[in-house]
Structures are given as C-alpha cells and as structure tokens.
**Student:** 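The structure is given below, and queries will be raised subsequently.
Every number for a ligand or one of its atoms is a count from 1 in the order of the listing.
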Amino acid sequence: MSNIAPPLAGVIGFPIGHSKSPVLHGYWLRELGIQGYYVPLLMSQAEFVGGLRSLPKLGFKGVNVTLPHKIPALGLADTVTDRAALIGAANTLTFKSDGSISADNTDGYGFIQNLRQNAPDWNASNGPALVLGAGGAARAIVSALLSEGVTELRLANRTRGRADMLADQFGAKVEIIDWNRASDAMDGAMTIVNTTSLGMEGQPDLPVVLDAAPKNAVVTDIVYTPIKTPFLMAAQDRSLKTVDGLGMLLHQGVPGFENWFGACPEVTGGLRNAVLGL
Ligand code: ATR
C-alpha cells in the first residue's frame, strides 16, 4: 500500500455551500485523471488563520479563498504576486514546500481570458473601456484592463467615493463618470463591463441603456445567475457582441489548479455544462 497521500485543495469561505469551485476543480481532476480532491471548507473570520495554517500538514497544496477572507489572505501570505498586491486582495493561495504561503489574485486574469476565448477579436487597445461598479470585482477588472493596455478607462459607480478611491490608485487613465451619466459614457466605449450585482436574480436591473454604444463594442457582465442577464440581453438585441460572466469564474480557477495539481486544465463546453448542472 502506498503511503503517498493524494494532493488536496479546496475553497475557504463563510458561507461556502453556494461555491461552484468544487464542481469546477472536480471536473478537471476527473478529466485529467488526477488522483486528488478539492473540497469546500467553511471557516469563519475567527477560524481562518488557524484553520489555514493547519491545512499544509493535512496534505493541502493550496486553496482558493472567497468572502470574507480575500483581504485577510493577502495580509498573511509570505509572498504576493504583483497583480494581487495591485488589487489588494487574494483568491488563490499556494502552500510551498518550505512552509511559506504565496498569494495570487486570478480574477482579473479570468476576466481577460474569458474575453479572449469568447470574443477573439477583442483587444484592450481597441478603444476606451467603460466599467460599471467600483467594488472588489471592479478593482480586479480595472487593474487587468489597464495592464492589458486600455488607454482610457471610464468608471461609473453609484457611490462616487468608491470610484474616486480606484481612480486615486490606478491613475490618470481612469476617468470618473457620474452614475446617472453612465449611458452617455457608452459613446465610443469598445469594452463595456458590468461589475455590479445589478441584474443578478432577485436584484433590480442595471439602470443604463446601450443606445450610444459603438456597433463593434464587446459587452460583458460578471453576473452569471442568470447566464443571460437583462444587460446582456439588451446588448444582444442591439446585435452587440456579448460575453457572459461564467467564463470568468471558470478561467480564474486555472492558475490555482495548475499550481496545486501540476497539470494545465482547459475551459471547455463540457466544463461549462458541468458547472451549470446540465
Ligand atoms: P464585489 O466585491 O462583488 O464587487 P461589492 O464590493 O459589494 O461586491 O460591490 C458591489 C458593486 O455593486 C458596487 O459597485 C455597488 O455600488 P456601491 O459602491 O454604490 O455600493 C454596486 N451596487 C450594488 N447594488 C447597487 C444598486 N442597487 N445600484 C447601483 N449599484 C449597486
């Protein structure tokens, strides 16, 4: 009998039952024939540091972290990638063999890879971007779009102070737009992104119209419940290219899986169906 334990990974959150990450990583483990496990781990804020520190000894190679641990996770890591430092939060932790913890944030990467896969003509340098929202997801997306070379990024948020904070951090390429002028700011915007929770099941719709959007703009939404949000449907009605938010979730999982299990997984239609429960 082998005394080599299979590699383990998981996702830590509070709550955690809703997370799609176990299905996502479980699918890849099966597809790639890897003898490993990825499990949901419920930990409160009080339990997080102690719980996390115990995992490497149990055979865990690393974890994803979700609410409310994304900011604390960055603080307790020994090394932090540049993109996680810029975003100010981590979603992927890797336990190194020397006992150290490295932190990454793959949300912006997932956002960009989703656009690349589903809108192959998309390029950050195609023109201005319009980002709706200024929460945690917006930080990752603003950071990623600027890294990709967007030269003008328009940012509209209901609470202007949060948009101001992002603009202060990310510099002169970020232009603040009044929330109630967001529809006008569609003019000339080649990448249009909803990072707010509006349009999610049980939430009101986004109060914006796409009339001024260029006909070759790409419209994307981080909300994926429903898959086709009212915002994406409105874009489709105008024959604009749309990319739904599920792909961002699928792609953000790739770097962690690769770190922990040593194989590069693919984002395929089969994976999408599995995560959608189809
Ligand atoms: P996340 O980390 O998922 O981005 P968040 O930090 O709570 O979550 O941010 C949610 C985003 O949705 C914010 O931009 C928020 O706007 P405020 O900063 O004004 O709160 C936006 N949002 C949520 N509900 C909204 C609503 N009813 N109208 C407008 N924007 C809303």
Side-chain angles (χ1 to χ4, degrees), residues 11-16 18-21 45 48 64-75 83-92 103-112 114 129-146 153-170 174-186 189 191-210 219-227 229-232 234 243-253:
V11 55
I12 306 178
F14 195 87
I16 199 58
H18 66 288
S19 173
K20 300 210 185 282
S21 292
Q45 272 169 300
F48 179 62
N64 288 122
V65 292
T66 186
L67 296 179
H69 306 309
K70 286 182 147 191
I71 294 173
L74 192 73
R83 62 192 180 190
L86 266 174
I87 296 165
N91 73 340
T92 304
D104 191 9
N105 191 313
T106 64
D107 286 335
Y109 162 87
F111 173 78
I112 299 290
N114 186 31
L130 171 63
V131 175
L132 305 170
R139 285 189 89 76
I141 288 169
V142 166
S143 174
L145 284 170
L146 292 173
L153 193 149
R154 305 169 186 167
L155 183 64
N157 193 53
R158 173 182 62 177
T159 308
R160 194 186 168 104
R162 288 183 96 187
D164 287 336
M165 284 198 300
L166 251 73
D168 286 348
Q169 183 186 344
F170 288 103
V174 179
E175 181 196 349
I176 308 287
I177 307 287
D178 270 351
W179 182 237
N180 56 18
R181 303 296 305 273
S183 298
D184 299 337
M186 301 280 175
T191 312
I192 299 171
V193 191
N194 174 41
T195 77
T196 76
S197 47
L198 295 176
M200 198 181 280
E201 276 156 12
Q203 292 267 352
D205 290 357
L206 262 178
V208 298
V209 291
L210 287 151
V219 179
T220 185
D221 200 327
I222 67 157
V223 173
Y224 58 84
T225 50
I227 277 286
T229 60
F231 183 54
L232 292 181
V243 177
D244 69 51
L246 183 62
M248 175 174 167
L249 170 80
L250 306 181
H251 282 283
Q252 64 75 36

**Student:** Leu132 and side-chain contact (heavy atoms from CB on, under 4.5 Å): which single residue from Ile222, Thr195, Leu206 fits?
**Tutor:**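 The single option meeting the side-chain contact (heavy atoms from CB on, under 4.5 Å) with Leu132 is Leu206.
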**Student:** For residues Thr196 and Asn194, is any side-chain donor paired with an opposing acceptor at under 3.5 Å?
**Tutor:** yes
**Student:** Among protein heavy atoms, which lies nearest atom 16 (O) of ligand 1, and at what distance?
**Tutor:**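 The closest heavy atom on the protein side is Asn157 OD1, 3.3 Å.
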**Student:** Give the atoms of ligand 1, by number and element, whose distance to some non-hydrogen atom of Gly133 is under 4.0 Å.
**Tutor:** 14 (O)
**Student:** Mark up the atoms of ligand 1 that fall under 4.0 Å of a heavy atom belonging to Ala134, in ascending order.
**Tutor:** 14 (O)
**Student:** Indicate, as side chain, backbone, both or neither, the part of Ser197 found under 4.0 angstrom from ligand 1 when only non-hydrogen atoms are considered.
**Tutor:** both
**Student:** Should the heavy atoms of other residues, nucleotides or ligands under 6.0 Å from CD1 of Ile71 be counted, would the total exceed 12?
**Tutor:**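 Atom CD1 in Ile71 is not packed in, count stays at 12 or less.
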**Student:** Give the atoms of ligand 1, by number and element, whose distance to some non-hydrogen atom of Ala137 is under 4.0 Å.
**Tutor:** 1 (P), 2 (O), 4 (O)
**Student:** Determine whether the side chain, the backbone, both or neither of Thr196 has a heavy atom under 4.0 Å from any heavy atom of ligand 1.
**Tutor:** both
**Student:** Would you say Arg162 has any N or O atom under 3.5 Å from an N or O of ligand 1, going by distance alone?
**Tutor:** yes
**Student:** One residue to check: Leu198. Relative to ligand 1, which of side chain, backbone, both or neither has a non-hydrogen atom less than 4.0 Å away?
**Tutor:** side chain
**Student:** Any side-chain to backbone donor/acceptor pair from Asn157 onto Ala134? Under 3.5 Å, distance only.
**Tutor:**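 Checking the backbone N and O of Ala134 against the side chain of Asn157, a donor-acceptor pair under 3.5 Å is found.
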**Student:** Applying side-chain contact (heavy atoms from CB on, under 4.5 Å) between Ser143 and each of Leu86, Leu166, Asn105, report the one that passes.
**Tutor:** Leu86
**Student:** With Asp104 as reference, evaluate Leu74, Ile87, Thr92 under the side-chain contact (heavy atoms from CB on, under 4.5 Å) test and give the passing residue.
**Tutor:**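 Exactly one pass, corresponding to Thr92.
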**Student:** In the protein, which heavy atom is nearest to atom 2 (O) of ligand 1, and how far is it?
**Tutor:**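 Atom 2 (O) of ligand 1 sits closest to the protein heavy atom Gly136 N, 3.2 Å.
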**Student:** Judging by distance only, is a nitrogen or oxygen of Arg158 under 3.5 angstrom from one on ligand 1?
**Tutor:** yes
**Student:** Grab the two heavy atoms, one from Thr66 and one from Gly13, that are nearest each other, plus how far apart they are.
**Tutor:** CG2-CA, 3.8 Å
**Student:** What protein heavy atom is closest to atom 9 (O) of ligand 1, reported as residue, atom name and distance in Å?
**Tutor:**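 The closest heavy atom on the protein side is Gly135 CA, 3.5 Å.
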**Student:** Of Ile177, Ile176, Leu155, which is the lone residue that meets side-chain contact (heavy atoms from CB on, under 4.5 Å) with Arg160?
**Tutor:**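 Only match with Arg160 under side-chain contact (heavy atoms from CB on, under 4.5 Å): Ile176.
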**Student:** Measure the distance from atom 17 (P) of ligand 1 to every protein heavy atom, then report the residue, atom name and distance (to 0.1 Å) of the closest one.
**Tutor:** Thr159 OG1, 3.4 Å
**Student:** In terms of side-chain heavy atoms, does Thr229 have a donor or acceptor partner in Asp221 at a distance below 3.5 Å?
**Tutor:**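 The answer is yes; a qualifying pair exists.
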**Student:** Touching ligand 1 at all, Pro204? Heavy atoms, strictly under 4.0 Å?
**Tutor:**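 Under 4.0 Å: no for Pro204.
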